[in-house]
There are 2 protein chains.
Amino acid sequence: MASTLRDKNQKSAVSKSDAVYRTLKRAILDQALAAGTKLPEDSIGERLGVSRTIVRQALARLNGEGLIELRPHKGACVAQPSLEDARHIFAVRQALETLVVDTLIGTLTPQQIRQLEAHVDAEDAARTNNTSASIQLAGEFHVLLAKLTENDVLLRYVTELVSRSSLILSLYGRPHSPDCAVSEHRELIAALDKGEREQACSLMRHHIDAITTRALLKGNSEKDFPDLLAAYAREEGL
Amino acid sequence: MASTLRDKNQKSAVSKSDAVYRTLKRAILDQALAAGTKLPEDSIGERLGVSRTIVRQALARLNGEGLIELRPHKGACVAQPSLEDARHIFAVRQALETLVVDTLIGTLTPQQIRQLEAHVDAEDAARTNNTSASIQLAGEFHVLLAKLTENDVLLRYVTELVSRSSLILSLYGRPHSPDCAVSEHRELIAALDKGEREQACSLMRHHIDAITTRALLKGNSEKDFPDLLAAYAREEGL
DNA sequence: TTTTGCTTGATTGTGTACAAAATGCTCGCA
DNA sequence: TGCGAGCATTTTGTACACAATCAAGCAAAA
């Protein structure tokens, strides 16, 4: 009981660097730290009440997951995935999440189906506040699916890719419309429940396609800084 | 020119922890450090002439890639993937490497084809010394393919999975027979060259299947301690 | 004989101090 | 007024010292 409370307070962290890691990750995914924000070790450590050593470990981990960039001697900053990065990430997501569905077909218990439906209900409920919470929940649905496969590697990769996708959506994506995500998730659950392999895989493929389109559509409008500059430079003959 | 030389000497490492990371990784994949070997931070640091701080960073990274296990307060040791881990890893490999082939179809230049063939020639040449060098080269073929996709994420994951596969093969695999790997690689290149998508994907799928079989076949002979015990336990009605 | 508690040794977790590197700025010069 | 060299500041890279934690071995009691 006491340990349960402690776990809740400390978020089941055994080490401080874990806590810092999670704090930073949440901050990034909640867009509290916008893409490109510099992340000096000193300031973060001071702010969070830990030494630079701890912050450094957390940053190294985030770097490994592609959420921040860690340029030598130049400091860390929140990653700004290029459109190409985005395409790469979604391509891999499609392959992996198709594997998730393929693995899950015929193995889901009624209880697990209910768990999935409960999650989508939560997504549905969060539709009103059109903020990052909605993106977050939509992403967690995919993570939940991956978790059900009980394949650790698959879970790790999907989790990582979903995180990076959130970052991409916040950078390039047009305003998130949760309606279609919810309905697509429901269709997918139905297909999984009925054991329709081809149908389920196909649904997942198209679902990721839809996300990819939503993510990359706005890409050539305003935020793509380098390319924009390149265009100007060309006009000036540089 | 000078920088090229420096890169060669320092293996393009900017930081020491990178060097230690690569050193340990090579040692593990070469089986100089057998699975399960303990990796105390200060022994390694002393041996390699760096402080524990550096070693710690390298270990954290290897842990992230699943090559070592990092139990809190109990020290690091070379990972001993279970048979289940192995199945998970190969399942994800199959999905990702099929994506590799699918991406590569119709994009490979004659020069790249020659590059692939040159690599397989090297594998062929290394057939005689039936050691880990052969496994290593066979793995690098897959990494090379992933590199040609120019998809960074895909490359990172495939690299990681190939590394872990090497570890698995050294743990459970029956003696590596390079002949079939070489011929399968050659068939794959031919299909890629001719742009036969279905054929190439199918070849890759079966190739990974073959590796999986080779990897897991010996699993119930001697080294699989836990399952072995479980079998005994069942016989005793426990 | 088995189990429990303690002690000891080893190993990791964390903080801090110093060194190295890069960036930005000031000052001198053309 | 524009430009470059050198300095100062900031930030990271590394090492080391100390604290916390755990595993093993030993001893004592049931």
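Computed over heavy atoms, backbone and side chain alike; hydrogens, waters and symmetry mates excluded. All chains are named by letter (A, B, ...) in the order of the sequence lines, taking the proteins before the strands, and each is independently numbered beginning at 1. Keep in mind that this is a model prediction, so the values were computed, not measured.
- The shortest side-chain heavy-atom distance between A/V20 and A/L24 falls under the 4.5 Å cut-off.
- Partners of A/E41 by salt bridge (Lys or Arg N to Asp or Glu O under 4.0 Å), not counting sequence neighbours, listed by chain and number: A/R52, A/R56.
- Side-chain atoms of A/R156 come within 3.5 Å of backbone atoms of B/G64 as a donor-acceptor pair (strictly under, hydrogens ignored).
- Interface remark: the A/T53 side chain does form a donor-acceptor pair with the C/dT16 base, using a distance-only criterion of under 3.5 Å.
- Under 4.0 angstrom from either OP1 or OP2 of D/dT21 there lies no side-chain N or O belonging to B/K74.
- With sequence neighbours left out, the salt bridge (Lys or Arg N to Asp or Glu O under 4.0 Å) criterion links A/R164 to no other residue.
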Worked check of side chain to side chain contact (heavy atoms under 4.5 Å, CB included) between B/V158 and B/K147: CA-CA 9 Å; B/V158 169; B/K147 203 171 287 178; over 6 Å; no
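- Interface residues of residues 44-52 of chain A facing DNA chain D, ordered by number: A/R52; criterion, heavy-atom separation under 4.0 Å.
- Regarding contacts with the backbone of D/dT11, every side-chain N or O of A/K38 stays at 4.0 angstrom or more from both OP1 and OP2.
- Note on ring orientation: taking the six-membered ring where Trp is involved, the planes of B/H142 and B/H185 are perpendicular (angle over 60°, cut-offs 30° and 60°).
- Among residues two or more places apart in sequence or in another chain, the side chain to side chain donor-acceptor pair (under 3.5 Å) test is passed with B/K25 by B/Y21.
- Counting only distance, with no hydrogens or angles, the side chain of A/S166 and the backbone of A/V162 share a donor-acceptor pair below 3.5 Å.
- Side-chain contact check for A/D85 and A/S82: at least one donor-acceptor pair (N or O, by modelled atom type) lies under 3.5 Å.
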Using a cut-off of under 3.5 Å, enumerate the N/O to N/O pairs linking the protein to nucleotides 5-10 of chain D.
none

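- Sorted by residue number, the list of members of residues 56-66 of chain B with any non-hydrogen atom under 4.0 Å from DNA chain D is empty.
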Derivation and outcome, salt bridge (Lys or Arg N to Asp or Glu O under 4.0 Å), residues A/R22 and A/D18: CA-CA 6 Å; A/R22 265 195 300 272; A/D18 245 39; 3.7 Å; yes
